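Encoded as structure tokens, the structure appears first; notes follow it.
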Amino acid sequence: MSWGDELWDQFDNVEKHTQWGIDYMEKYCKFVRDRAEVEVNYAKQIRSLAKKYQPKKNSREEDDSRFTSCRAFLMVLSELNDYAGQHEVISENMNMSILQEMLGYVQELKQERKMQLHEGRKAQQHLELCWKQLESCKKRFERDCKEAEKALQYFDKMDNDINVTKADVEKARQQSNQRTQLAEDTKNEYATQLQKYNEEQNQHYFAIMPKIFQDLQDMEEKRTCTFSRSLLNFADIDRQVMPILSKCLDGMTKAAEDINQQSDAAAIVEAHKSGFQRPSDVEFEDFSQFISRTHSDSSLSVGKPDGSRTDSKSGLGRSKPKLWPFGKKHKGIIAEDFSHLPPEQRRKKLHQKIDELNLDVKKESDQREALLKMKDVYLRNPQMGDPGSLEPKLQETAQKMEKLQQEVQKFEGWLCDAEGRLPVKADSGKRRSSSFDRNSTVVNNGSGERESSPDGSYTEEGAGEGSTAQRPQPIPSSLKQKPSANPVTNTSIPASKPVPTATLDDDDDFDEDEPLPVLGQCKALYLFEGQSEGTMPMGEDETFQLVEEDKGDGWTRVRRTDGEEGYVPTSYLEVSLSKETAAAGH
């Protein structure tokens, strides 16, 4: 059906309906906005809930992660956080894909409706103007006809009156003829205006207004179609995140299925195992052996034979106190060697303490390497700084390392005592542990050859044998500077590179049998000639493997695909770490 044919006389109702359509679209936009707010608030509450139940740092809850049930709950919290993120995606998509689009469309709809209604009112005003002109011509024709009729009657009266002069009759005749001619002119004008009005009216109702009605109908149909597509998009936005939400729920299900009650029970054993042996049977203590009977079977002797009873002060007749494993622990007494703990817990604490000390040693070693690199830069480029200014810091670092190594040896002695084994000679002051890798450089001041006894004492055996000189890592060093406009002529690059220092022994610990692991990829931003010893030239946009990060001296160690390695300025590189390296905190 066409509005132009069926609603030709319902312009006002069509105007009201199109306004209702726009109001309805605005109502729908408000609904989408409220739905997006609900989604984002829901996601915010879910995130807050997940954060609330996350274990706090350095709290007892962190130790609970050794249980599979606790790890499963943490996985559920992580998945719930991702679940909340998908609801944020729903809110964002509704705001961008629906709300913004619909608000823009509503504005276009208002402009189009305003233009169509303006054209319709303009056509109506034009038709009304033609009607007014027609009415004016009609009234004028009617008035002239009446005046012509009066003039004709007056002429007939004058012509029949014998008392009237001929001049008056002639005057009346002329007046009647003029009125009759005027009426005839207005009649022609009225007929012309009537014909014009009919044409305008026919054009208005059969051409102009039907077109306006058709445009309004097309606009309304387009609005309905747009509304339909928007509702489909509204549902699709939810449907798009359903697979991810399903994966989150699958992750929660898998976390629940991974709970292992045997593993959790074993973790309890590992956490609280004391290492004590089970108590043996309690022996019977006979207190009646000192009772002497009389010669008569019916009486007891009250006498006390000499030497038949032990003196109460001698303690020989008393039972020895036994260590009861279920007795109360002595709280408040904490020994440095953790001897207040059960054997198994003591061993674990000692291992943990040794690992912490080794990490501290490694940190001090890295700091010393950086200072040695900086000192080398100052030696080769005196304009950059005074090498002597670094000596106090180097000495302080060496003292800290020596003190930490002594602590390590002390705790290793206690560990040997706890494990019931003989102490093992330390290897160049280094304890082979997971927290102290083969690339760590430790300053050996002779303390590394000491042996620790189970009671925590030390021997100086081998202190003068096999001791190694201090070996700084042969790494080029410079201060970081921003590249100049012409990177090739940058004067911040040192003229030469430090030469590796030969060691007296234990070269195998320094020279790596295997290549360094790849930490990521890097790309050269500028040309670097690499004329100094230890550096490697590179061209612009050339790519390398990152094998050692910048430790604060402005140089990075890279490797080509053919295996060639060298140092290049960090400021000349664009570095991207691998996921594993970034996760490890590099």
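Because the structure is predicted, anything quoted here is derived from the model rather than measured. Only this structure's heavy atoms are used, side chains among them; waters, hydrogens and symmetry mates stay out. Here, residue 1 is the first one in the sequence, and each next residue gets the next number.
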| request: Dump the intermediate steps for side-chain contact (heavy atoms from CB on, under 4.5 Å) on F67 and I268, then the final yes or no. | output: CA-CA 8 Å; F67 300 112; I268 291 292; 3.3 Å; yes
| E92 CD: over 12 foreign heavy atoms closer than 6.0 Å |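 Counting neighbours around CD of E92, 12 or fewer heavy atoms of other residues, nucleotides or ligands fall under 6.0 Å, so no.
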| request: Begin from the C-alpha positions of F528 and T535 and carry the test side-chain contact (heavy atoms from CB on, under 4.5 Å) through to its verdict. | output: CA-CA 9 Å; F528 178 61; T535 62; 4.0 Å; yes
When you measure from the side chain of [X] to the backbone N and O of [Y], does any donor-acceptor pair fall under 3.5 Å?
{"X": "T397", "Y": "K393", "answer": "yes"}
{"X": "T253", "Y": "L249", "answer": "yes"}
{"X": "K348", "Y": "E270", "answer": "yes"}
{"X": "T68", "Y": "N260", "answer": "yes"}

| query | Parallel, tilted or perpendicular for F338 and F411, by the 30°/60° rule? | reply |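 Geometry flag for F411 against F338: tilted rings.
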| task | Would you mind listing every salt bridge (charged side-chain N to carboxylate O under 4.0 Å, His left out) that reaches into residues 562-577, with sequence neighbours excluded? | result |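 Of all non-adjacent pairs touching residues 562-577, those that pass salt bridge (charged side-chain N to carboxylate O under 4.0 Å, His left out) are R557-E565, R559-E565, R560-E564.
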| request: Please list all pairs passing the salt bridge (charged side-chain N to carboxylate O under 4.0 Å, His left out) test where one or both residues lie in residues 251-262, with sequence neighbours left out. | output: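 Only K254-D258 qualify under salt bridge (charged side-chain N to carboxylate O under 4.0 Å, His left out).
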To the nearest 0.5 Å, how far apart are [atom1] in [X] and [atom2] in [Y]?
{"X": "N41", "Y": "I46", "atom1": "CG", "atom2": "CD1", "result": "12.0 Å"}
{"X": "D417", "Y": "R346", "atom1": "CG", "atom2": "CZ", "result": "5.5 Å"}
{"X": "Q405", "Y": "D360", "atom1": "CD", "atom2": "CG", "result": "12.0 Å"}
{"X": "K362", "Y": "L359", "atom1": "NZ", "atom2": "CG", "result": "8.5 Å"}
{"X": "L371", "Y": "E364", "atom1": "CG", "atom2": "CD", "result": "9.5 Å"}
{"X": "L394", "Y": "R368", "atom1": "CG", "atom2": "CZ", "result": "5.0 Å"}

| request: Go through the steps to decide whether D236 and R239 satisfy the test side-chain contact (heavy atoms from CB on, under 4.5 Å), and finish with yes or no. | output: CA-CA 5 Å; D236 286 339; R239 188 176 291 109; 2.6 Å; yes
| query | Taking I90 as the fixed residue, which of N95, D238, V38 is the one that meets the side-chain contact (heavy atoms from CB on, under 4.5 Å) rule? | reply |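 When N95, D238, V38 are each tested with I90, the side-chain contact (heavy atoms from CB on, under 4.5 Å) holds only for D238.
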| query | For the side-chain contact (heavy atoms from CB on, under 4.5 Å) test, which of M536, M538, Q545 pairs with V558? | reply |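 Among the candidates, only M536 passes.
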| said: Please determine whether salt bridge (charged side-chain N to carboxylate O under 4.0 Å, His left out) holds for the pair K403 and E407, giving the CA-CA distance in whole Å, both sets of side-chain angles, and the decisive distance to 0.1 Å. | reply: CA-CA 6 Å; K403 184 177 179 181; E407 288 289 319; over 6 Å; no
| Under 4.5 Å between any side-chain heavy atoms of L245 and Y83, yes or no? |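 They are in contact (side-chain heavy atoms under 4.5 Å apart), so the answer is yes.
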| task | May I ask you to decide whether E391 forms a salt bridge with K375, counting only side-chain N to carboxylate O separations under 4.0 Å? | result |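 Yes, E391 and K375 are salt-bridged.
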